[in-house]
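What follows is a set of notes on a single structure, which appears directly below.
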Amino acid sequence: MKRLYSNAQMLRRKEIKGLGLRGATVGIVLLALSSCTMAPGYTRPDAPVPANWTNGPAYRDSAARPPDKAVADIKWQEFFINEQLQKLIALALENNRDLRVAALNIERSRALYRIQRADLFPTVIAAGSGIAQRVPASLSSSGQAMTVHQYSIDLGFSAYELDFFGRIRSLKDQALEQFFATEEVRHSLQISLVSEVAANYLTLAADEERLKIARDTLDSQQASYNLIKSRFNAGASSELDLRQVQTSVDSARVDIARFTGQVAQDENALALLIGSPVPAALMPAGLIAITALKELNAGLPSDVLQRRPDILQAEHLLKAANANIGAARAAFFPRITLTTSIGVASDQLTGLFKGGAGVWSFAPQISLPIFDTGRNQANLKVTEVDRKIFLAQYEKAIQSAFKEVADALVQQGTLGDQMEAQQSLTDATAASYRLSQARYRSGIASYLDVLDSQRSLYSAQQGLISVRLSRLTNLVTLYKVLGGGARE
């Protein structure tokens with residue numbers, strides 16, 4: 001093999017020496033041509049959204065201030081500072097099957113890109129063969145039967161396309177952009193997974209807190225029922241009071257059963273996301289026990305939307321479609337392929353490496369489409385329409401992202417006022433409930449007033465949990481739609 005390599009080197013030196021300056025110039029020109037493509041020049045399309053977020057009474061002024069740190073650069077460990085939640089997110093990132101599929105798709109896309117890129121270079125093949133053939137006397141030139149032996153060792157490549165018009169390079173660029181798009185799919189899926197784990201964890205915590213309030217209410221109403229029943233048996237209370245407190249007891253029992261089922265469903269949803277049962281040590285005790293999440297500022301749309309993985313994915317697909325146009329255009333031009341080999345051949349195995357056994361072949365081929373019934377023209381039209389489709393999808397992705405962020409900012413701007421009002425309502429109904437109980441014990445008011453106050457307090461407490469959950473969930477959503485942790 002070393003001898004074959006040295007023979008090839010000697011042949012190459014002779015060819016270069018024979019070509020001289022003219023041949024070197026032609027080689028440089030061909031190399032320059034092979035590095036070009038016929039794909040249209042790409043410029044990022046203008047975003048079809050305003051340069052600033054929407055303003056109005058529902059939006060908070062802080063949304064217009066530049067953030068201290070881009071949300072895309074805030075790692076989820078920095079944003080979700082609750083230790084139990086961090087451990088659950090880590091479990092999800094390790095075990096979630098959708099994320100595993102996304103990672104495997106990246107590996108597959110990378111391999112497809114390497115396959116396409118390999119077409120830029122010749123595939124060198126070493127081959128050896130041996131043939132033994134008996135020739136009968138009737139066919140032999142000597143008039144006698146004979147056995148013919150032939151042995152050869154060759155090194156070369158077959159049907160290597162000289163990419164003068166950038167067809168292969170355009171296909172390589174298309175595969176590269178598709179690989180980049182697949183990577184962004186994984187980033188987007190990771191952000192969604194982290195946010196879903198957090199949202200499900202918060203929902204589980206809220207339902208646990210609702211269940212606790214329902215149980216506390218049942219205990220309180222059961223004690224009231226026992227007291228009124230004993231008074232009813234003694235003739236000190238009416239049957240109406242007894243039946244009214246019984247309705248409150250039964251309502252609490254209904255809520256306990258309902259919230260117990262919701263908590264179980266929340267656990268199942270969380271177990272699906274993390275890919276394993278939820279450890280008991282990581283179960284939340286309630287929303288109050290969860291440390292507040294990091295506050296976020298939205299920044300400017302141009303900074304945020306260009307870093308969201310789903311938008312980057314759409315742009316990479318647009319670039320891939322743009323590169324595919326170059327391949328379709330190159331199909332109109334001649335395609336030049338080379339097949340060549342160099343080696344040794346002999347009629348005896350021992351004669352392969354003796355002087356004079358060298359052989360070589362050089363077979364260039366050129367093909368030019370003359371009449372294809374419009375196939376190439378139609379294929380070019382398809383690629384141009386594909387590019388328009390991906391452009392529309394890219395613009396739609398930007399518009400959808402803008403709406404998602406704007407909606408999250410609306411909630412952020414109003415939930416603070418809702419929280420303050422709901423807390424005040426809960427405090428007021430709690431005071432009303434205490435006063436109505438005191439009036440009933442003093443004989444000033446009926447037990448119906450106590451029941452009305454208790455129901456109002458119960459409703460206000462449940463409403464406070466809902467607003468608190470909405471506020472925390474809004475922060476999670478805002479972190480997601482702003483591309484939080486996208487560049488991890």
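All heavy atoms count here, side chains included; hydrogens, waters and symmetry mates do not.
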With the side chain counted from C-beta on, respond yes when [X] and [Y] share a heavy-atom pair under 4.5 Å apart, and no when they do not.
| X | Y | result |
| --- | --- | --- |
| Pro45 | Tyr394 | yes |
| Glu161 | Ile336 | no |
| Ile398 | Pro48 | yes |

What residues form a salt bridge (Lys or Arg N to Asp or Glu O under 4.0 Å) with [X], not counting sequence neighbours?
| X | result |
| --- | --- |
| Lys229 | none |
| Arg243 | Glu239 |
| Asp207 | Arg210 |
| Glu404 | Arg308 |

Sequence neighbours excluded, the answer for side-chain contact (heavy atoms from CB on, under 4.5 Å) partners of Leu99 is Leu93, Asn96, Arg186, Leu189, Gln190, Leu193
Under the rule for side-chain contact (heavy atoms from CB on, under 4.5 Å), what residues qualify as partners of Lys403, not counting sequence neighbours?
Asp407
Return the minimal non-hydrogen interatomic distance between [X] and [Y], and the atom names on each side.
| X | Y | answer |
| --- | --- | --- |
| Val476 | Leu202 | CG2-CD1, 3.9 Å |
| Ile81 | Glu78 | CG2-O, 3.3 Å |
| Pro369 | Ala331 | CG-O, 3.4 Å |
| Asn200 | Ala269 | OD1-CB, 3.4 Å |
| Arg167 | Ala330 | CB-CB, 3.6 Å |
| Asn379 | Ala328 | ND2-CB, 3.8 Å |

So, Gln423 versus Asp427: side-chain donor-acceptor pair below 3.5 Å or not?
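Per modelled atom types, Gln423 and Asp427 side chains form a pair under 3.5 Å.
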Any Lys/Arg nitrogen of Asp173 or Arg169 sitting under 4.0 Å from an Asp/Glu carboxylate oxygen of the other?
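Salt bridge between Asp173 and Arg169, a charged N being under 4.0 Å from a carboxylate O: no.
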Under the ring pair (Phe, Tyr, Trp, His ring centres under 6.0 Å) test, residues paired with [X] that sit two or more places apart:
| X | value |
| --- | --- |
| Tyr113 | none |
| Phe332 | none |
| Tyr160 | Phe157 |

Spacing of Tyr201 atom OH and Glu267 atom CD [to the nearest 0.5 Å]:
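CD of Glu267 is found 11.5 Å from OH of Tyr201.
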For the OG atom of Ser251 and the CZ atom of Arg455, what is their distance to the nearest 0.5 Å?
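Reported value, rounded in 0.5 Å steps: 6.5 Å.
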Under 3.5 Å, side-chain donor or acceptor atoms of residues 312-324 against the rest of the protein: list the pairs with distances, not counting sequence neighbours.
residue: Glu315; atom: OE1; partner: Arg44; partner atom: NE; Å: 3.4
residue: Glu315; atom: OE1; partner: Arg44; partner atom: NH2; Å: 3.1
residue: Glu315; atom: OE2; partner: Tyr42; partner atom: OH; Å: 2.9
residue: Glu315; atom: OE2; partner: Arg44; partner atom: NE; Å: 3.0
residue: His316; atom: ND1; partner: Glu177; partner atom: OE1; Å: 2.8
residue: Asn322; atom: OD1; partner: Arg387; partner atom: NE; Å: 2.8
residue: Asn322; atom: ND2; partner: Pro40; partner atom: O; Å: 2.7

Only pairs at least two apart or in different chains count here, so list each ring-ring contact (aromatic ring centres under 6.0 Å, His included) that has a residue in residues 247-282.
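Matches after skipping sequence neighbours: none remain.
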Please list all pairs meeting salt bridge (Lys or Arg N to Asp or Glu O under 4.0 Å) that have one or both residues in residues 253-263, counting only residues at least two apart or in different chains.
Asp250-Arg253, Asp255-Arg258
Does the side chain to side chain contact (heavy atoms under 4.5 Å, CB included) test come out yes or no for Phe333 and Phe164, once each step is laid out?
CA-CA 9 Å; Phe333 294 87; Phe164 288 152; over 6 Å; no
